[in-house]
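A short worksheet on the structure shown next.
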Amino acid sequence: MSKRIRLILVLSLLVSMLGLTGASLAQDDDGVCGGEPVSFTFLNFWGAAREELMNQVIANFQEVCPNISITNNVQGFDGREELVASAVASSNPPGLIMTTRIETYKFAQEGLIIPVTDYVQAAGLDLGEIFYEGEIGNQIYDDLAWTFPLPTAGGITGLYFYNKDMFRAAGLDPDNPPTTWQELEAAAVAMTQTDALGVEALGASVFNDDPTGDDFVSWLYTNGGTLYTDDGRVVTFNSPEGVETLEWMVNFTNTVSDGVEATTDFWSGIIDSTPDFPFYTDRMGIHFGNVSFFGHLQNNDPQRWEDTDRWGIALRPYNGDNPNANHAGISGLSFAWGYVIPSNLSQNVQDAAYEFLQFLGTEQDGGCYFLFEQGRPSPVRECNEVSAYYDANPYWDMVLESLAIDVSVPVTPMQAQINDILTRAVEEAMFGADVEQVLNRAAEQAQELLDDYWASVDS
Amino acid sequence: MTSQSLSAAAPAQQPSRMNRFLLFMQKRRSWFIGYLFILPWLVSLVIFDIYPFGMNLYLGFTDYAVGPVSRAEIIGLANFDRMLFKDDLFIKSLTNTLYYLAASVPLTVGLAFLIALVLNTEIRGVGIYRTIYYVPSVVPIVASSIIFLWMFNTRFGAINQFLVAAGATPLRWLSSPDWVVPAMVIVSLWSFGTQMVIFLAGLQSIPDHLYEAVAIDGGGLWHRLLFVTIPLMTPTIFFNLLVGLIAGFQVFTLAYIMLGPNGGPLQAGLFYMMHTYNNAFRYFNMGYAAALSLVLFIIIFVFTIVMVWTSNRWVYYGDENDM
């Protein structure tokens with residue numbers, strides 16, 4: 001897309017935003033916006049090109065609330081966990097801290113952050129109406145809302161990208177991408193090429209980089225399985241659907257790409273944000289990338305991006321042999337971003353931080369602008385319905401369809417540990433251990449953690 | 001001002017408070033000034049070492065998660081019970097670390113000593129070689145880890161290309177559980193430059209007359225090495241071994257970057273510090289992580305004591321009669 005067209009699209013989006021912004025975040029004489037000067041630091045990890053975008057969002061906000069001064073404190077990703085834990089526990093914490101879902105839950109459990117439920121009620125917001133269910137569900141803990149989601153945690157597992165050139169070269173129909181596991185496997189076999197060193201071209205893989213618990217859960221939900229019961233108290237991933245899913249993943253990896261080691265090798269050192277990523281060089285037929293891949297494709301393979309006859313997207317395949325299975329996506333197991341307000345701040349700083357959070361999370365020239373500029377969908381339904389999105393992304397309908405089928409899995413603050421337990425089980429299975437045995441052992445360990453957690457909550 | 005002049009100033013009276021202070025200072029001037037000079041270090045020792053160590057000791061017996069320490073509840077030996085009887089990864093991470101240490105420390109010390117021996121000769125351009133070998137030590141570990149990620153790539157990596165050129169079978173360095181630790185050991189060799197510099201300093205302090213004595217006795221290079229260089233370098237070898245051992249137990253960054261928080265395939269590269277880090281910052285089991293740190297401290301302490309104790313048998317500090 002040329003710069004001029006892009007500029008026109010952005011301008012049209014901004015014009016369409018104008019009416020919405022002023023109306024929904026008008027200056028409130030009784031509130032912090034428009035009142036006494038107040039300042040706070042916004043600790044986040046939106047580096048590189050996103051830093052300027054966030055600065056623009058802050059500038060947009062300050063047009064509405066000129067008395068609130070915000071320092072955009074962008075930090076690197078190295079050591080992120082230590083930084084966040086130290087910041088939230090500090091005696092002088094930032095006003096707003098970017099956290100993952102599990103960090104939000106843990107900090108909420110420890111009383112280190114405040115819920116935003118009262119603010120939301122005072123502002124008259126209907127979160128279920130504003131956000132996709134799978135998105136806002138990730139930010140609810142103990143029946144309270146603690147922040148707003150940004151960007152989407154969904155759209156990460158529900159979609160896949162496919163290379164139509166490779167489909168044609170392998171004799172596959174590029175207009176009918178795989179919809180079931182069985183079709184996926186057949187397509188992957190047709191496109192994969194191996195040699196003495198391993199995989200030279202990968203048709204498809206059931207995992208990216210290394211086999212993880214997250215990969216397993218993504219496939220589990222396309223086989224009608226679940227991770228936990230709806231109340232999040234009982235582990236269910238070792239169900240027959242779970243065993244069938246992991247067995248299929250192992251068989252797929254062994255059949256298609258010569259086993260786990262060869263597949264992991266293929267992924268070693270490749271990043272989809274660089275031009276040598278195999279999808280761009282016709283060495284990867286199907287990529288289970290998240291929505292940020294739209295931007296990467298546009299930047300790294302602009303000719304392909306412009307020509308929809310060379311690439312397409314489809315929903316993650318489901319088990320065609322299971323009548324209860326269907327397309328599904330996971331809206332962030334533990335990695336759903338939010339922005340939390342520490343509890344040991346003065347009231348006026350908390351109020352100011354919330355004003356900005358609401359602007360960032362729900363307003364058109366807040367988070368909507370920020371994500372549109374990156375070619376990513378918003379967790380806010382209304383933002384995604386702007387026509388500019390449809391012009392900018394030829395497959396926008398399917399992106400929205402994917403967001404709509406994403407589910408928020410009911411996790412607890414123990415999820416990071418449970419993810420690692422699951423990852424170990426998946427790895428062991430990939431390296432030849434008995435699937436049912438490793439899943440049962442993982443379930444036992446995970447259940448023990450959940451029992452401890454719920455016992456502490458219930459008491 | 002001397003004590004005599006102070007006494008003369010007020011012969012019949014009790015010395016004033018100031019004078020008493022000055023007298024006190026004068027008598028203890030030597031140790032006072034000494035302490036004054038080490039005060040900055042002492043303050044930092046208390047704030048950054050002793051206090052954190054004390055807190056770690058305390059937290060190791062609590063269920064501390066995150067936030068104010070006052071919320072932590074003492075749970076006795078529960079963390080240690082969990083470590084020994086319930087946490088499979090404690091043993092696994094400790095075993096992985098010991099395996100890494102056993103290979104990495106001797107190889108790094110040996111390589112550093114070997115290169116230092118070569119660079120202690122009068123070859124042309126020795127300064128350039130010394131610089132070249134030292135530079136990797138100052139490359140940030142994040143950068144070198146990413147470079148090695150590429151070098152270990154099965155298909156395109158330089159190491160496998162070299163193996164193939166030599167007629168050997170390429171290896172799956174980072175995707176096979178069997179090769180993960182050897183790969184980490186190879187990366188650790190990259191930064192031998194610091195130890196090499198220490199060896200060089202040691203080599204240059206060996207008196208020439210000792211080598212001359214060997215030559216007079218008809219000894220060659222091998223005898224010079226065996227009967228002069230190595231014995232006189234044992235204090236430096238001991239120092240490098242000890243420092244390498246302590247650093248090796250704390251291996252973290254390179255493995256975390258190259259293998260991820262779980263330590264690669266089947267946790268083959270999950271080292272002790274990674275397990276501690278995961279518990280502290282990913283799982284928010286800070287109390288348990290503190291207990292793990294405490295155990296690591298004890299392990300390193302025991303290893304150090306054993307090494308110091310055995311050093312009496314093989315480290316040569318000079319003939320006491322010569323002193």
Side-chain angles (χ1 to χ4, degrees), chain A residues 78-86 88-91 100 102-103 106-107 109-113 195-200 209-213 259-270 276 334 342-344 413-420 423-424 427-428 430-431 433 445 448-449 456, chain B residues 63-69 71-72 86-89 92 140-142 146-157 160-161 164 169-179 253 256-268 270 275 277-286 288:
Chain A
D78 289 335
R80 193 196 63 78
E81 287 99 338
E82 302 104 286
L83 185 68
V84 166
S86 309
V88 80
S90 150
S91 58
T100 64
I102 294 310
E103 287 161 354
K106 189 66 190 177
F107 298 157
Q109 187 194 2
E110 296 292 327
L112 299 172
I113 57 174
D195 61 15
L197 284 174
V199 180
E200 196 177 3
D209 300 324
D210 308 300
T212 65
V260 62
E261 292 183 15
T263 315
T264 309
D265 267 346
F266 180 84
W267 282 100
S268 174
I270 57 172
D276 56 355
S334 52
S343 51
N344 58 342
M414 316 306 289
Q415 189 58 34
Q417 210 164 340
I418 293 175
N419 279 349
D420 284 354
T423 293
R424 288 198 289 277
E427 278 194 334
E428 285 174 25
M430 287 283 178
F431 277 93
Q445 292 171 343
E448 199 176 326
L449 288 172
S456 71
Chain B
D63 64 352
Y64 179 55
V66 63
V69 172
R71 294 181 189 174
K86 295 175 186 165
D87 182 4
D88 296 341
L89 294 181
K92 186 167 187 84
I141 199 158
V142 175
I146 290 170
I147 291 167
F148 271 97
L149 268 178
W150 278 103
M151 291 183 60
F152 283 121
N153 186 288
T154 303
R155 182 173 291 274
F156 307 110
N160 270 0
Q161 297 283 342
V164 170
T169 310
L171 299 171
R172 298 193 188 285
W173 291 101
L174 301 178
S175 55
S176 164
D178 297 335
W179 287 102
T253 311
Y256 197 84
I257 293 170
M258 294 182 70
L259 305 172
N262 283 309
L266 297 178
Q267 299 83 52
L270 180 76
H275 185 46
Y277 179 90
N278 285 341
N279 273 287
F281 296 107
R282 293 182 62 236
Y283 310 154
F284 294 112
N285 294 327
M286 297 257 186
Y288 183 60

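Labels below follow one simple rule: chain letters A, B, ... track the order of the sequence lines, proteins then strands, and each chain is numbered from 1.
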Residue selection (most heavy-atom pairs with chain B, distance under 4.5 Å) from E103(A), E110(A), E428(A): E110(A)
Heavy-atom pair of closest approach, residues L112(A) and R71(B): CD2-NH1, 3.6 Å
What part of L89(B) lies closer than 4.5 angstrom to a heavy atom of chain A: side chain, backbone, both or neither? side chain
Taking every heavy atom of M286(B) against every heavy atom of A85(A), the minimum-distance pair comes out as CE-CB, 4.3 Å
Heavy-atom proximity to chain B below 4.5 Å, by part of T423(A): side chain
Verify, without hydrogens or angle tests, whether D210(A) (side chain) and P265(B) (backbone) share a donor-acceptor contact under 3.5 angstrom. no
Need one label for N160(B): side chain, backbone, both or neither, based on atoms under 4.5 Å from any heavy atom in chain A. neither
The reported gap from CZ in F281(B) to OG in S86(A) (rounded to nearest 0.5 angstrom) is 6.0 Å
Comparing E200(A), E448(A), M414(A), Q445(A) against chain B, the one with the most heavy-atom pairs below 4.5 Å turns out to be E200(A)
Would you mind telling me which of V260(A), D195(A), D265(A), V88(A) has the largest number of heavy-atom pairs within less than 4.5 Å of chain B? D265(A)
Given the options T212(A), D420(A), N419(A), N262(B) meets side-chain hydrogen bond (donor to acceptor under 3.5 Å, both in side chains) only with D420(A)
F152(B), part contacting chain A, at a heavy-atom distance under 4.5 Å: neither
Could you tell me which portion of V199(A) (side chain, backbone, both or neither) has an atom closer than 4.5 angstrom to a non-hydrogen atom of chain B? backbone
Got a second to check how far W267(A)'s CH2 is from N153(B)'s CG, nearest 0.5 Å? 13.5 Å
Using heavy-atom distances under 4.5 Å, tell me whether A262(A) contacts chain B through its side chain, its backbone, both, or neither. both
T154(B) side chain near S268(A) side chain, heavy-atom distance below 4.5 Å: no
All ring pair (Phe, Tyr, Trp, His ring centres under 6.0 Å) counterparts of Y256(B), not counting sequence neighbours: F252(B), Y277(B)
Taking ring pair (Phe, Tyr, Trp, His ring centres under 6.0 Å) as the definition, give me every residue that meets it alongside F284(B), ordered by chain and number, with sequence neighbours left out. F107(A)
List the steps and the verdict of side chain to side chain contact (heavy atoms under 4.5 Å, CB included) for D88(B) and R424(A). CA-CA 12 Å; D88(B) 296 341; R424(A) 288 198 289 277; over 6 Å; no
Between P177(B) and E261(A), what is the shortest heavy-atom contact and its length? CD-OE2, 3.8 Å
Scanning both residues in full, the closest heavy-atom pair of S175(B) with T264(A) reads CB-CB, 3.8 Å
Closest non-hydrogen atoms of A89(A) and G67(B), given as atom of the first, atom of the second and distance, are CB-CA, 3.6 Å
For E427(A) and L266(B), which heavy atoms make the closest approach, and how far apart are they? OE1-N, 2.9 Å
